[in-house]
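Okay, structure first, notes after.
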Amino acid sequence: MLFSPYTIRDVTFKNRIVMSPMCMYACDREDGTVHNWHLIHYASRAVGQVGLIIVEATAVTPQGRISARDLGIWNDDHIDGLRTLTSLVREQGAKIGIQLAHAGRKAMVAGEIIAPSPLPFDETMRTPKEMTKADIEETIHAFQQGARRAKEAGFDVIEIHAAHGYLINEFLSPLTNKRTDEYGENRYRFLSEVIEAVKEVWSGPLFVRISASDYHPDGLTVNDYVEYAKRMKAQGVDLIDVSSGAVVPAKIDVYPGYQVPFAETIRREANVATGAVGLITSGRQAEEILRNGRADLIFIGRELLRNPYWPKTAANELGIQLEAPKPYVRGW
Ligand SMILES: Cc1cc2nc3c(=O)[nH]c(=O)nc-3n(C[C@H](O)[C@H](O)[C@H](O)COP(=O)(O)O)c2cc1C
């Protein structure tokens, strides 16, 4: 199944291998624009036969960057570089998505940082300003404008980053959202409004990445996310990319496939397509997840940093003849 095509809306990925979004912190000019590094890095994985490449967390506002070296999509000036990137990747037969992000209280850039409630992540981080209604409206609008620019730049997929303790995740979790207004009474409201705003300008495949467990006794569990996933599906989200943690400092026991049970539970209980991610490193492991109906797509992170040709490695392991890029036929 790993090498079978998968279609969402009118977009077909040639296989189930997804490059997981990974920040490169490579914008040397600190202006959010695409640099040569991004072109080389993502195009290499397209040549390596990844089906869908999801570009790293890309900030919808300058203050929503994790670092000053993040990619950005807050300005129309960002579109040209991103268009070069999408055409390079698509030329090599891969589809390309972008992760729209706002770091919230985890932003490490100069100036004011914002979050649903004025609580720092830990003692080393700054205390964010509690967002006003105007801040909320502006930020939702920024996600919408990011989606509009992503469309103009030629992306096939948009993924909303609602995981890892960044802004949207901070609204979802009771550990980070202590508001008493409608965004606190209904912690899903902010994400819901971001999805609606994005949908006004984007009709292509829409993914949302979540943290399915806060790993904290008073935090969210996968069961809470089953309910959120049902709501996302009802709003037209096509796939939930299931990660976990990083909302508050916590000790996480990691081992191969440790997040797969979350993807499986959400897929089964919310009846929605899921992506599995986290310490998936072999073709057999990926095949097991797909064949047992635990997820629909396999997201690969660090293994693809080590080996841009990982799809070829996985195909060899599974005894599959993977078509070579023409110039590489003699070495394939
Ligand atoms: C260098 C690096 C940067 C990352 N940046 C992001 C990011 O931008 N957005 C995101 O959702 N996850 C990010 N992650 C998490 C990965 O997408 C992935 O979920 C995680 O590494 C677990 O998968 P793996 O074991 O296959 O690496 C990053 C991970 C790494 C190693």
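Computed over heavy atoms, backbone and side chain alike; hydrogens, waters and symmetry mates excluded. One is the number of the first residue; the rest follow in order along the sequence. Ligands are counted one by one from 1 in listed order, and the atoms in each one are counted from 1 as well.
Listed by chain and residue number, nothing satisfies the ring-ring contact (aromatic ring centres under 6.0 Å, His included) test with Phe3 (two or more places apart in sequence, or in another chain). Listed by chain and number, the residues in a side-chain contact (heavy atoms from CB on, under 4.5 Å) with Ala276 are Val260, Ala263, Ile280, Ile289, Ala295 (sequence neighbours excluded).
Around ligand 1, the residues contributing at least one heavy atom under 4.0 Å from the ligand are Ser20, Pro21, Met22, Cys23, Ala57, Gln99, His161, His164, Arg209, Val277, Gly278, Leu279, Ile300, Gly301, Arg302.
Screening residues 293-330 for ring pair (Phe, Tyr, Trp, His ring centres under 6.0 Å) gives no qualifying pairs among residues at least two apart or on separate chains.
Within 6.0 Å of CH2 in Trp332 there are more than 12 heavy atoms belonging to other residues, nucleotides or ligands. Heavy-atom neighbours of Lys151 NZ from other residues, nucleotides or ligands within 6.0 Å: at or below the threshold of 12.
Follow the hydrophobic side-chain contacts under 4.5 Å out from Leu85 and you reach Trp37 in the same cluster.
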